[in-house]
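Since the structure comes first, as structure tokens, the remarks are kept for the end.
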Amino acid sequence: MKLSDNGIRTLKQCEGRVMRNGRHVIYDDKNGQPITAGAPLPRGATIGYGHLIKPGEDFRNGIDEDAATEILRDDLKHAERAVCNTITSNLRQNQFDALVMLCFNIGARNFANSTVVKYINNPNFKSARYPTLAAAWCAWNRTGGHVSAGLVRRRGIEWELFNQT
């Protein structure tokens, strides 16, 4: 399976973007602020829809929407593969989309080891810490040890997508 067009649209809304003069520009993922031209890139320098800039990548001139979408689709391959390799139960497209969005945000290793995966793969699974799949899903709401309003919102959007019929 692959993330659907609806999943891409929803993920783009969750990830957000920073644009100047119609182009995606480099920004600091921690605060969403654009990086000043010529300034050294901080850890977490990002462009497009959540693409963490790797050594050797040069986006000083920004990128257009098509390039941002192409980079996002390429970045998503890892999350799509992780969901396909980790989830053993049958999924509807909306469920797959929501799981890919979660995996993309929390990382493949965290996803694979999560209580979310245990609940989905085993209908008889019980967790004392997270009594429901919803509780396990929504628990991924912290950054730097603190609850993030943005992550609470994102988990709600993902959970709603997961439960669509």
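Just so it is clear, the structure is predicted and the values come from calculations on it, not from any experiment. For this chain, numbers begin at 1 and follow the sequence in order.
Minimum heavy-atom separation, Asn121 to Ser89: OD1-N, 3.8 Å. Of all non-hydrogen atoms in Arg154 and Phe104, the two that sit nearest each other are NH2-CD2, 4.2 Å. Here the shortest heavy-atom pairing between His51 and Asp75 reads ND1-OD2, 2.7 Å. Listed here is the closest heavy atom pair of Ala108 and Ala82: CB-CB, 3.7 Å. Among all heavy-atom pairs drawn from Cys103 and Val83, the shortest one is CB-CG2, 4.0 Å. Closest heavy-atom contact between Leu151 and Trp140: CB-O, 4.2 Å.
In this structure, Leu76 is a member of the same hydrophobic cluster as Leu91, with clusters built from ILVMFWY side-chain heavy atoms closer than 4.5 Å. Taken together through direct or relayed side-chain contacts under 4.5 Å among Ile, Leu, Val, Met, Phe, Trp and Tyr, Val116 and Ile106 form part of one hydrophobic cluster. Hydrophobic clustering (side-chain heavy atoms under 4.5 Å, transitive across Ile, Leu, Val, Met, Phe, Trp, Tyr) keeps Tyr27 apart from Phe59. A chain of hydrophobic side-chain contacts below 4.5 Å, direct or via other Ile, Leu, Val, Met, Phe, Trp or Tyr residues, connects Leu102 to Ile8. Residues Leu52 and Ile47 are members of separate hydrophobic clusters, defined by side-chain heavy-atom contacts under 4.5 angstrom among Ile, Leu, Val, Met, Phe, Trp and Tyr.
Note that the CE atom of Met101 and the CD atom of Glu15 stand 8.5 Å from one another [nearest 0.5 Å]. The CZ atom of Arg73 sits 7.5 Å away from the NZ atom of Lys2 when rounded to the nearest 0.5 Å. Here the straight-line distance linking atom CD1 of Ile53 with atom CD1 of Ile35 works out to 8.0 Å at 0.5 Å rounding. Going from atom CG of Asn124 over to atom NZ of Lys118 covers 15.5 Å, rounded to the nearest 0.5 Å. How far CD1 of Ile26 is from CD1 of Ile63: 9.0 Å, rounded to the nearest 0.5 Å. The CG atom of Asp28 lies 10.0 Å from the CG atom of Leu41; values are rounded to the nearest 0.5 Å.
Not counting sequence neighbours, the partners of Arg60 by the salt bridge (Lys or Arg N to Asp or Glu O under 4.0 Å) test are Asp58.
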Determine, stepwise, if the pair Glu65 / Tyr49 fulfils side chain to side chain donor-acceptor pair (under 3.5 Å). CA-CA 10 Å; Glu65 179 63 23; Tyr49 298 101; 2.9 Å; yes

Test side chain to side chain donor-acceptor pair (under 3.5 Å) on Thr69 and Lys12; report intermediate values, then the result. CA-CA 9 Å; Thr69 300; Lys12 283 181 173 182; 2.7 Å; yes

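Put simply, the side chain of Asp29 never gets that close to the backbone of Thr46: no donor and acceptor are under 3.5 Å apart. The backbone N or O of His24 sits nowhere less than 3.5 Å from a side-chain atom of Arg17 that would complete a donor-acceptor pair. Remark: the backbone N or O of Leu11 is not paired with any side-chain donor or acceptor of Asp97 at under 3.5 angstrom. Under a 3.5 Å cut-off, the side chain of Thr36 and the backbone N or O of Ala39 do not form any donor-acceptor pair. Asn94 places a side-chain N or O within 3.5 Å of a backbone atom of Leu161 that can act as its donor or acceptor partner. Checked by atom type and distance alone, the side chain of Asn141 never pairs as donor or acceptor with a backbone atom of Val147 at under 3.5 Å. Not a single donor-acceptor pair under 3.5 Å links the side chain of Glu80 to the backbone N or O of Val100.
Proximity of Phe96 to Ile87: side-chain heavy atoms (C-beta onward) are nowhere separated by under 4.5 Å. At a threshold of 4.5 Å between non-hydrogen side-chain atoms, the residues Thr86 and Leu99 do not count as touching. Residues Lys77 and Asp74 have side chains in contact (heavy-atom distance under 4.5 Å, counting atoms from C-beta outward).
Tested against Trp137 for a ring-ring contact (aromatic ring centres under 6.0 Å, His included), the candidates Tyr130, Trp159, Tyr119, Phe111 yield a single pass: Trp159.
Using a 4.0 Å cut-off between a side-chain N of Lys or Arg and a carboxylate O of Asp or Glu, Arg155 and Glu158 qualify as a salt bridge.
Few gaps surround CG on Asn31; more than 12 heavy atoms of other groups in view lie less than 6.0 Å from it. Applying the 6.0 Å contact sphere to CD of Glu70 captures no more than 12 heavy atoms from other residues, nucleotides or ligands. Within 6.0 Å of the CD atom in Glu160, the count of heavy atoms belonging to other residues, nucleotides or ligands does not exceed 12. By the 6.0 Å contact criterion, CZ on Arg153 is open, its count of non-hydrogen atoms from other residues, nucleotides or ligands being 12 or less.
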